[in-house]
Number of protein chains: 2
Amino acid sequence: MKTLEQYITHYFDIIAPAELQQICSLFVPEQLSKGAYFVKTGQHCRKLSFIRSGILRMYAHTDEKEVTQWIGTEGYFVTDLSSLLFGQQSRWTIQALSEVSLFSISIEHYRKIGRLVRQWDELEKMFLAKCFTTMEHRIFDLLSLSAEERYKQFFAQQPELFNQVPLQYIASMLGMTPETFSRIRKKMLP
Amino acid sequence: MKTLEQYITHYFDIIAPAELQQICSLFVPEQLSKGAYFVKTGQHCRKLSFIRSGILRMYAHTDEKEVTQWIGTEGYFVTDLSSLLFGQQSRWTIQALSEVSLFSISIEHYRKIGRLVRQWDELEKMFLAKCFTTMEHRIFDLLSLSAEERYKQFFAQQPELFNQVPLQYIASMLGMTPETFSRIRKKMLP
DNA sequence: AGCACTGCTTGATAAATATCAAGAATTTAC
DNA sequence: GTAAATTCTTGATATTTATCAAGCAGTGCT
C-alpha cells in the first residue's frame, strides 16, 4: 500500500511537488465492502479512484452471459472513462471482489485539476493515449493468441491474481469458459 | 468525398469557423498509390491524416501470421496514435489497399493547433476518449461474440467494405481464418 | 488468347474450445 | 462447526474453428 502521491505519479509522472499536493487534496479516501458496487450498468460514473487495496471487477452482460472486461488491483485506477468524460450511462458494472480501499476524486473536483496544474491537459492526454494503447494491445492479443497463450501471458503478468479472485472471472476476461481455463491451468501446473 | 472541414468536425465538432479554417490550413493533400505505405513497423509515424478517398489497412505480424487490426475508408482518420503522441516506433504497418487520397497534418503542425484553438485540449481529450471507448467496445465483442456473430455485426456496420477489399483482411480483423470467413459468408448469402 | 498471380471456395480432417452434467473442494453464513 | 452456497474440476460429448490441400475464378500482363 503506497501513498496517493505515488499512485498519481505512476500515471502522471511529471508533476511538480506543490501541484501534486494540490491534486492530492482533492481526493478523499473511500471504503467498499466486499460485494459493494463502485458503479452499476445504467448509472452515471462520476468519480475516478485509485485502488489502495483490494480488488475490483468490471463486467457487463450480454443476452446469455456475463463478460468480465477487467480486474483491478492495488495501484490501478478505476472508473468508467466514457461515463466519466462524456456523462453517459455506464455500460459496465464495477464491483468489489474484496474489501476495497480507494482514493477517490469526484468529477467536479477532477475538472478543477486543469485549473490548478498548468500542463495538466498534456498529462491527461498522455494518460488517455496510454489507455488507448493498452486496449489496442489487448485487441491484438485476442486476435492473435490461442486460449492457452492468453492464459500464459496473463499468468506471466499477474500470477498473484490467480489465488485472489474466482478463476471464472479471469477465464471470462481472457475470453474462455471456466472449464477450458481449468484444463489449461492443470496442464500448466506440473 | 467531403471537405476537410467536414472530416475534422466529425471528430472535433465544436470548433468556431475561424479556428476551423486555421486548423485546415495546416493540412496538406497527399496521395498514396495502391500498395504504398503510410507507415511501416519500426518507423516513426509523424503525421495524422483524414482519408479523403481510398482504403488503408493497419496490420502487424506475429511469429506465424499477419494480423489486420483495422481497415479505414473515407472519413476515418489514420495514424499510429502511440507513435504519434509518444514518439515511439510504430507497432503497425499501414498500407494503401487502393489509390488513396489524404489530408495530412505533420506532428509539428499538429502540435501548433493547441496554440491556435483555445479549447483544443478539451476536444483532443474527447477525441482520445472516444478512441478508447471504441477499442473497449471491440474487446467486449471479441470476448462475447462467436465468429458468426462478429461477421454479422461487422457486415451490418460496413457492408460496402465486403466488395472493396480482399476478404482475408476482414477475416483477420474479425479474428478468424479466411476459410471460416468464406463458410460463414456462404451461409449468410441466400 | 494464354499464362501467372492472387484471392476465394470447398472438402476432408484435426484441433481447439464449448456445453452439459456430476461430483469434489472451498468458502460463506448462521 | 455444520449446512448451504459457490467455485472448481473432470469426463463425455458436441460444436466451432483451424488446418491442409486442391481446385476454381477473376485480373492483369504480354
Peer 1: Whether the A:S144 and B:T62 side chains hold a donor-acceptor pair (N or O, under 3.5 Å, no angle test) is what I'd like checked.
Peer 2: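 Result is no, nothing qualifies.
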Peer 1: Whole-Å distance between D:dT6 C1' and A:R57 CZ?
Peer 2: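 Taking CZ of A:R57 and C1' of D:dT6, I get 13 Å after rounding.
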Peer 1: Does a side chain donor of either A:E149 or A:S146 reach within less than 3.5 Å of an acceptor in the other side chain?
Peer 2: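 Yes - a donor-acceptor pair under 3.5 Å links their side chains.
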Peer 1: Summarise how protein sits on nucleotides 23-30 of chain C as a single string, 5' to 3': B when a protein heavy atom is under 4.0 Å from the base, S for sugar-phosphate-only contact, - for no contact.
Peer 2: -----S--
Peer 1: Side chains of A:S25 and A:Q22: any donor to acceptor distance under 3.5 Å?
Peer 2: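 Result is no, nothing qualifies.
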Peer 1: Count I, L, V, M, F, W, Y as connected when their side-chain heavy atoms are under 4.5 Å apart, and connections chain through other members. Are B:M188 and B:F155 then in the same cluster?
Peer 2: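 B:M188 clusters together with B:F155.
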Peer 1: How many Å lie between CZ on A:R150 and C1' on C:dT17, as a whole number?
Peer 2: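 So the CZ-C1' distance, A:R150 to C:dT17, works out to 10 Å.
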Peer 1: Can you check whether B:W92's main-chain N or O pairs, donor with acceptor, with B:S90's side chain at less than 3.5 Å?
Peer 2: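 Side chain of B:S90 to backbone of B:W92: a pair is present.
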Peer 1: A:L97 has an atom CG; how far is it from atom C1' of D:dT6, in whole Å?
Peer 2: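 About 14 Å, once rounded to whole Å.
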Peer 1: Atom NZ of A:K65 and atom C1' of C:dT19: how far apart are they, to the nearest Å?
Peer 2: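 Going from A:K65 (NZ) to C:dT19 (C1'), I get 12 Å.
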Peer 1: Is the charged tip of A:K40 near the ring of A:Y37: under 6.0 Å from the six-membered ring centre and within 45° of its axis?
Peer 2: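 That pair qualifies as a cation-pi contact.
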Peer 1: Starting from P on D:dT7, measure out to CG on A:N163 and report it in whole angstrom.
Peer 2: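 Whole-Å distance recorded here is 16 Å.
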Peer 1: For B:F162 and C:dC8, give me the distance from atom CZ to atom C1', rounded to whole Å.
Peer 2: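 Atom-to-atom, B:F162 to C:dC8, this comes out as 14 Å.
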Peer 1: Summarise how protein sits on nucleotides 8-16 of chain D as a single string, 5' to 3': B when a protein heavy atom is under 4.0 Å from the base, S for sugar-phosphate-only contact, - for no contact.
Peer 2: SSBBB----
Peer 1: So B:E74 and B:S53, side chain to side chain donor-acceptor pair (under 3.5 Å) or not? Walk me through it.
Peer 2: CA-CA 5 Å; B:E74 201 219 321; B:S53 67; over 6 Å; no
Peer 1: Rounded to the nearest angstrom, tell me the gap between atom CD1 in B:I184 and atom C1' in C:dC8.
Peer 2: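 Value for this atom pair: 15 Å.
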Peer 1: What class does the angle between the rings of B:F77 and B:Y11 fall in, given that below 30° is parallel, 30 to 60° is tilted and above 60° is perpendicular?
Peer 2: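 Plane angle over 60°, so perpendicular.
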Peer 1: Kindly assign one of parallel, tilted or perpendicular to the pair A:F12 and A:F127, based on the angle between their ring planes and the thresholds 30° and 60°.
Peer 2: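 Aromatic pair A:F12/A:F127 classed tilted.
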Peer 1: Send over the distance from A:E64 CD to C:dT19 P, rounded to a whole Å.
Peer 2: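 For the pair A:E64 CD and C:dT19 P, the rounded distance is 9 Å.
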